[in-house]
Structures are given as C-alpha cells and as structure tokens.
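To keep things clear, I will list the structure first and then write my remarks on it.
Just so we're on the same page: letters track the sequence lines, and every chain starts at 1. Remember, it's a predicted structure, so these values are computed and weren't measured experimentally.
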Number of protein chains: 2
Amino acid sequence: MHMRSEGGQSDTVIRRLRSFRPLSAAAASALDKVVRERILRVGAGHDLVSEGDPSDRIRIVLSGWLARYKTLEDGRRQIVNFVLPGDSCDAYVYLLARMDHSISSLTPVTYSEIRREQFDELIASDRMLADAFWCETLANASIQREWVLNIGRRVALERVAHLLCEICERLRPVGLMDGNSCAFPVTQMDLADATGLSVVHLNRTLQELRAGDLIVLRERTLTINDLDALKNLALFNANYLQYPQAIG
Amino acid sequence: MHMRSEGGQSDTVIRRLRSFRPLSAAAASALDKVVRERILRVGAGHDLVSEGDPSDRIRIVLSGWLARYKTLEDGRRQIVNFVLPGDSCDAYVYLLARMDHSISSLTPVTYSEIRREQFDELIASDRMLADAFWCETLANASIQREWVLNIGRRVALERVAHLLCEICERLRPVGLMDGNSCAFPVTQMDLADATGLSVVHLNRTLQELRAGDLIVLRERTLTINDLDALKNLALFNANYLQYPQAIG
DNA sequence: CGTTTAGTTGACCGTGCTCAAGGGGCGTGG
DNA sequence: CCACGCCCCTTGAGCACGGTCAACTAAACG
C-alpha cells in the first residue's frame, strides 16, 4: 500500500536533491523523465568509470553502493568516497576533461546514465534543480575535506567510528536506515581502503567497537547500539554533510 | 620593462582562470574591474574565514599563501588544502549555507572580496568565465581526493615529496616558480598539519629529502634539485591538477 | 636583552603494519 | 554428495614507522 508521490524509480534521487533545495513537482517529474530514459544495471565489482576516461556522461545511482577510489602504481588503493543511492556520480564533471579517479560498484547497482547535452537541457529548465545538483557537488567536496581530517588526524578507532557515523547519516535522509540498522554491503577490505588502514588492523578496530557494545556488524547488516556514544568517540559533527535542515 | 597585458593587480587570477578556459579580453577586464573594487590586506596568521561563517562572499587571492584547515575539539589540526595566489577561496560556496572549514593566512595576504550579488552578475555576463570558476572549484575537489590518497596510502617520505611536487606544479602556471626554486613561506608545523605527520617526524623527513640531494629548503626558499627524481619518489602524476594543457 | 617562535636532535614508546596461518561460508564442478 | 577453490574474516607474533616528551639552539621581535 505504498503511495508514491511522483518519482517511481527516482524517488531516492529526488529525496536526495530535495535535501539541498525545494524542488517543484514539475522539476521532479522532468528529472524523473530523464532518469528513466536509460537505466542500467551492473553487478558488484565493476568499474563504472575509470581514471582517465572522458567525462561526458552523468550517472545517478538508484540503488546499490559504489566507491570512488584512486590507486598508486604499485597497487596501493584508497577509497576516497562512497557513492550511495540517490547520489550522482559526477554531475558537472564534464566541465573537466577527464576523470581523475575511478568508480566501482561494491554491490549490484542500478543507475541512470544521462548524456551531457540532455543534462544541460534539464538543468537549464529549472534553476532550483541546477542549484541542487551544484549543492550536491559542493557537499561532496566538503565530505572530501572531512576525510582528509579523518585520515590525517583521527586515530584508527575514532576514524572507523567516524566513517560509520557518516554512512548512517547519509543513508537516513534517503530512507535507508531502519531505526539504528542498515544494510552494510561493504567488505572489511573496502573499509580498510576507505580509512587508510590495513585489513588486519581494521578488523581489530571493528572488534574493539563491538567489544564496547557500540555496534553490531554481521551478515552485511550494521546496527548502532549507541549512536551518541559512537559520535562522541568519533568526534563527529554532521555539519560538513551540508544538509541545510540539519544545521544550526 | 614589463608589459602588462590587461590585468594589473589581477594578472595572477586571470592566468589561473585561463589555465581552465580561454578568457576573452572583455571577460578579463570585467573580472579585473570587479576585483579592484575591494582589495584588502591582512597579516600572517589571521583567519579570513572561520568554520560556521555564513558563506556570502567570494575572496580571490592576489598575493600570499593561505591554508584551508579543520580542527578537532581537542585541538588536533589538519590543513586540507593550500590556497595560492590566483586561487579563489570559495567561488560558489554561497550555494551552501555555512563554511565547513576555516581559511587562515600563512603570510601577509592581498585579496579581493566580492559580494555574492556582484559575483553573480559577473559570471552571468560571460559563460567562459563562469565555467572557468566552476573548473577551479572542481579542480580543487580533485586535489582534495588526491590528498586523501596521499595521506591514506603514501608513507611519510613519499607524502612530503608529493606535497612539494604539487605546490611547485601549482605555482608554475601563475609565474611563481623561478626555475626550480620558489618562495616557500610555510613553517614545518604547517607542513606537518598538511601531511598528517607530527612536526618532529616531518622535520626528519625533510632532512631525508635533503640528504638525498632532492631538495634545498632554507630561509623560506625551496629549490628542487632533481624534479624527476622527486616525482618518481612521490609517485606523482599531475593529471589530478586538471590543467587541460598538461593532460595527455 | 628577555621572550617567543621555528628548527633540530635524542631517547623511548605505541599504534598500526607485515607476514603467516587457519576457519567458515558459498558456489562450482567432478 | 563431496571436494575443491575462493573470498572473507580472524588471530598470533614480531617489528617498524611515526608519535611523544624533553631539551637545546638560533633567529626574530619587542
């Protein structure tokens, strides 16, 4: 007995963009129309975009998780951000010539692929929509800065706690938190690459969080037992996520 | 016997933006006019912008170095990026409500402060100019991602080497490299905060670079003796800086 | 001339890495 | 149905990279 307001498949995307700007029903349905035109699926473990690719298309994630990552020649890998349902992979990157990083699917992913010209046309039709996409881009940059702080100055325990807090806070507004639990389809290797730790140490850090009764993480499900305590430990402050309603 | 093309005080800014988009003489002089309207100076060690400030003004750096940084409650500090002459502090951030980080001057700084409305008007007048500012914003995001990789996956020696390479490559297009040397007005504490290291270890890392005859750093001047060797050591690849002309 | 700030060095220690091995779940093929 | 391989998680042991603490020097500054 779900009432779907207007979005259908692109509900999540619209919720996400509305966390930045109020979108009119007209804008939402224009977006929905464009999104539906070319919906693709890909299994886990595929690169949607590779470093060096020309950046001529926009991709918007409808379901599934992805990771933006960079690698060094000798194979060291760093995840620089997660791409969650509702996020766009690279709105506006076509202003630059080439991708500076790769994006790979951590789970099976459904996404919409939009040609640059079509995207241009879409955002030209509605100022709020254009601004919402820009806000998303700027919010991503803000997250990126927090990650530099996280990896540069937080110790392992704080760092992992912070990442978990961030993911939950990002999943909540798109309706993917079920109370204090969420699907968490990420391997420990991915978490290690996202936090700049080794897999072994990440494993031990997770166990420390479990031992403190802060989290339960098993069978690809994360439950936060005590969110306030976890945020305290992580020195977490949600402002950098740039959700206007959540600030001050 | 310098011939100044059109910019005067905003030469550096125009060079910087032209590394992203060809700007017409008209666009350049419109920018120059706006820049000149309100030029401010500030000594070293001042916060131009503080975390939480409303982001209602644009600042463009004419001379001097600044650092974007974030802090944790207990005082740990991480520089997340340097702001160099020609860079704008925060074009377009006014789309978001508040600053997520602070910006402080590392040296005396000359900068232009532009009101949001005035900036809107300026970029509405010239598409290339608007795009150039957007490119700068996106290029900054790209640098931010590289920093996550740098701090997350490079060891101290590579990490410091990488930062030095980046700074030189960014100073070159705005004419601030003198051969292989440049003014380098940054304390070791700043470098430590930018690389996620302690001051003591940063000091030892610099000495290791000096011992390998890779760099000379004294009296606020950096000389790179062997840039190729330094880039090799740092696993440095300039693509992420997003200068179109420098990319394959 | 005292005080502050930046750089340097030594000694010690701890966080987090490496290497190595083993266990559990799951899909595939014999 | 079981064997096998693969992926992911876990654990132990040892070590190294980088942090902390402390002291000293040199230059800058009022």
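Taking atom CG on B:Leu157 and atom C1' on D:dA16, their separation rounds to 15 Å, with Å as the unit. The distance between atom CZ of B:Arg154 and atom C1' of C:dC17, rounded to the nearest whole Å, is 19 Å. Rounded to a whole Å, the CG atom of A:Leu191 is 12 Å from the P atom of D:dC8. Rounded to whole angstrom, the span from the CG atom of A:Leu197 across to the P atom of C:dT18 amounts to 11 Å. Separating the CZ atom of B:Arg204 from the P atom of D:dG18 is a distance of 12 Å, rounded to the nearest angstrom. Atoms CG (A:Leu202) and C1' (C:dG16) sit 12 Å apart, rounded to a whole Å. Spacing between atom CZ of A:Arg76 and atom C1' of D:dC17 amounts to 13 Å, rounded to whole angstrom units. Remark: C1' of D:dT10 and CE of A:Met189 are 16 Å apart, rounded to the nearest angstrom.
At the heavy-atom level, A:Thr187 lies under 4.0 Å from the strands shown only through sugar-phosphate atoms. Residue-level contact check: A:Gly196 touches the backbone only, with heavy atoms under 4.0 Å from sugar-phosphate atoms and none from bases.
Comparing D:dG18, D:dT20, D:dC8 by their closest approach to the side chain of B:Val155 singles out D:dG18. When the nucleotides D:dG19, D:dG12, C:dT8 are ranked by their closest atom to the side chain of B:Arg210, C:dT8 comes out on top. Taking the side chain of B:Val200 as heavy atoms from C-beta on, and the options D:dG19, C:dG16, C:dT9, the nearest nucleotide is C:dT9.
Of the side-chain N and O atoms in B:Asn203, one or more sit less than 4.0 angstrom from OP1 or OP2 of C:dT8. Phosphate contact (OP1/OP2 of D:dA28, side-chain N/O of B:Arg220, threshold under 4.0 Å): absent. Side-chain nitrogen and oxygen atoms of B:Gln188 include none within less than 4.0 Å of the OP1 or OP2 phosphate oxygen of C:dT5. OP1 and OP2 of D:dC17 both lie 4.0 Å or more from every side-chain N or O belonging to B:Arg159. Residue A:Gln207 places none of its side-chain N or O atoms closer than 4.0 Å to OP1 or OP2 of D:dC9.
The pair B:Arg170-B:Glu166 counts as a salt bridge, with a side-chain nitrogen and a carboxylate oxygen less than 4.0 angstrom apart. Using a 4.0 Å cut-off between a side-chain N of Lys or Arg and a carboxylate O of Asp or Glu, B:Asp193 and A:Arg153 qualify as a salt bridge. Look at A:Glu51 and A:Lys70 and you find no salt bridge, because none of the NZ, NE, NH1 or NH2 atoms lies under 4.0 Å from a carboxylate O.
Nearer to the 5' terminus of DNA chain D, by closest-nucleotide assignment, is the contact made by A:Leu206 (compared with the other of A:Leu206 and A:Arg153).
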#### Entry: CA sep, side-chain torsions, deciding dist, call: B:Arg98, B:Asp53, salt bridge (charged side-chain N to carboxylate O under 4.0 Å, His left out)
CA-CA 6 Å; B:Arg98 302 198 168 275; B:Asp53 280 0; over 6 Å; no

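Both tests pass for B:Arg77 against the ring of B:Tyr69: distance under 6.0 Å to the centre and angle within 45° of the axis.
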